Amino acid sequence: MAAFRFFSKSNIVAGLLLVAVVACHSEKESAESYQLNVPQGFPKPPIPEKNQLTKLRIDLGRELFFDPILSRDSTVSCASCHHPEKAFSDIEALSRGVDDSLGMRNAPALVNVVYGKSFFRDGGVPTLEQQILVPFDDHREFDLNMLYAVERLERHPRYSKMSKEAYGRGPDPFTLTRSLAAFERTLISGNSPYDQFTYQGKQDALTASEKRGLALFEGDKLQCRGCHAGFNFTNELYENNGLKAVYADTGRARITSKPEDVGKFKVPTLRNVELTGPYMHDGSVKSLAAVVEHYQSGGAGHVNQSQLIAGFELNEQEKRDLINFLKSLTDTSFVANKNHQHPADYSPIFP
Amino acid sequence: MMTMKVHKMKHVWLALAVSMLIVAGCKKDDDNGDSSTTPPVATFEMQVNLKVGTQPFVRNQGMTFSDGSAIRVENLRFYFSDVRLVREDGTEVMVNDVAYFTAGDGLDEEAQLMLTGYPEQSGNYKAVKLGVGLPADLNASDPSSFDSNDHPLHTFRNMHWGWAAKYKFIEMDARMDTLGNGTFDHSVVYHVGHDDFYDNSKTIDCEFELNTGESFKLFTSIDLEAIFINGTDPIDYRQDDLTHTTNSGYNLAERYYTNFVSAIQ
């Protein structure tokens, strides 16, 4: 009789309502959107319809970003080559992956990637989500089959729980790539002295030298803006900047197989450039002064070299001014942002 | 007692119905499952037999070419796509948009690979047309976006080049016995795929009638010897032994692709 009463109409309805609430809870929670803090003067960033930002998704991506669990021998994380204090770039010319393997190219800074139209130095990947797949495939980076990566996360109670809360499903390639991309979309830098001067109306944000350097940067003499255009200091295109006469790394041509793309690489943002050395696709240029000297020289003369790389004359004061301006693109609030750093309350577990 | 049972049954059915509504209500509408749940009017099957000359292909087993050299294939995987049946009047009926074949995941017996499709029209057919690899729209797919692990383009197939955000059309890893002394000491790697290669005009002539409720199986084969020995532009694997379709390997990849398509009989 007690069992029968358990199945009474009112109990069933109440039970079903409870099931409905529980079933929909995770989706409701994950559906609470996260509003990016878009700096003044910046456009509204594009967010994929199927990976809308929520705090739960960003938190999951943040923890994964700093966790070496994603590499074959659990020694390398995303942050091993993308250090927050270096504007998510690396101090090494070429980064090292599992087994101390040397990477192919200099790790690019993950600054304002939410605005990126393509990813990697050769632009071979069209979305941040697909970018996440690459280090898993590369035997010089994580070298971990995605199948095994997902199995590790499934065994990990914390990630299993976070994935279900964030996406309504357990760890899989979708949640892994989407959550990491969600975190990377929050890495927005737009509060440098340059931004304060240009977009926030603070006339004293730049020194006299930095203002002179800005004028040089934007002037016809140097033509820097020809490639480093717009609010993010990149035209998102591919250029041969004359670094080499012969390119062992063919750059964009690796993707297109076109001879006219040999030696072309994606124009990087210059935001936080003071922190992101060494420079160029192979990290072969050690300092900002050396970068300026390269462009001053007019390049090595590769057949595909951009016509904008034609050389110029600068006196020592102008050179200092230009470099000082480049340093004014450093956003200290960005590199000090605790929300971009390793979660303090989290210790990696190695299942 | 019977009445109570019926009453309880009503509650159970009510619970099931409401539960279904809850599940349906919370389910995202981005399910990308295949369309095989559509009731078929007919069944078309294509069996692909791999071979080396006159010998059946067996993975991880040495097979001798007609010139005396030998090959031991450790991995062979590829895509067919845009598979269509050609009616007598020349119109085409789609039966399968993409199929993944593998002779590399533990398949050590004689390789027989199957493709199944359900044409929505009955009639008399004179040929089958297909593409090797993937058309540009499918080639640009994000492999992590597919819900089903069984999807031909899912990440777990390991056919995706992350760095290029494109798929390999054909992946072959093998060892060659170039001296004919029984030692397979020469590694050959052909990882092939590019939008510019894609050709969906491969035609296999075959006359058959297929009506509602009926099935038809087409037997085809791929002769690896036609890639390396007998083709119109055979690949000398002693020299041209490696390509990932990048840079200097592009032309070799294109030749391998062309030969592979020609090897389908």
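Numbers restart at 1 for each chain; the letters A, B, ... are given by sequence-line order, proteins then strands. Values in this document were obtained by computation on a predicted structure and should not be read as measured data.
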Between Asn145(A), Thr127(A), Val150(A), who has the most heavy-atom pairs with chain B when the cutoff is under 4.5 Å? Asn145(A)

What's the shortest heavy-atom distance between Ser144(B) and Thr177(A), and which atoms? OG-OG1, 3.3 Å

Under 4.5 Å from a heavy atom of chain A, the part of Asn158(B) involved: side chain

What part of Ser141(B) gets closer than 4.5 Å to chain A, counting heavy atoms only: side chain, backbone, both or neither? backbone

Closest approach of Gly124(A) and Ala165(B), non-hydrogen atoms and distance? O-CB, 3.5 Å

Got more than 12 heavy atoms from elsewhere within 6.0 Å of NZ, Lys55(A)? no

Could you pull out the closest heavy-atom pair between Ala140(B) and Gln130(A), with the gap in Å? O-NE2, 4.3 Å

Return the CG to CG distance between Leu147(A) and Asn149(B), rounded to the nearest 0.5 Å. 8.0 Å

His244(B) portion near chain A, given a 4.5 angstrom heavy-atom threshold: neither

Tell me whether Arg178(A) is salt-bridged to Asp142(B), with the criterion being a basic N under 4.0 Å from an acidic carboxylate O. yes

Spacing of Glu141(A) atom CD and Trp163(B) atom CH2 [to the nearest 0.5 Å]: 14.0 Å

Do Phe174(A) and Thr155(B) have side chains that get closer than 4.5 Å, going by heavy atoms? no

Under a 4.5 Å heavy-atom cutoff, which of Val125(A), Val262(A), Asp122(A) has the most pairs with chain B? Val125(A)

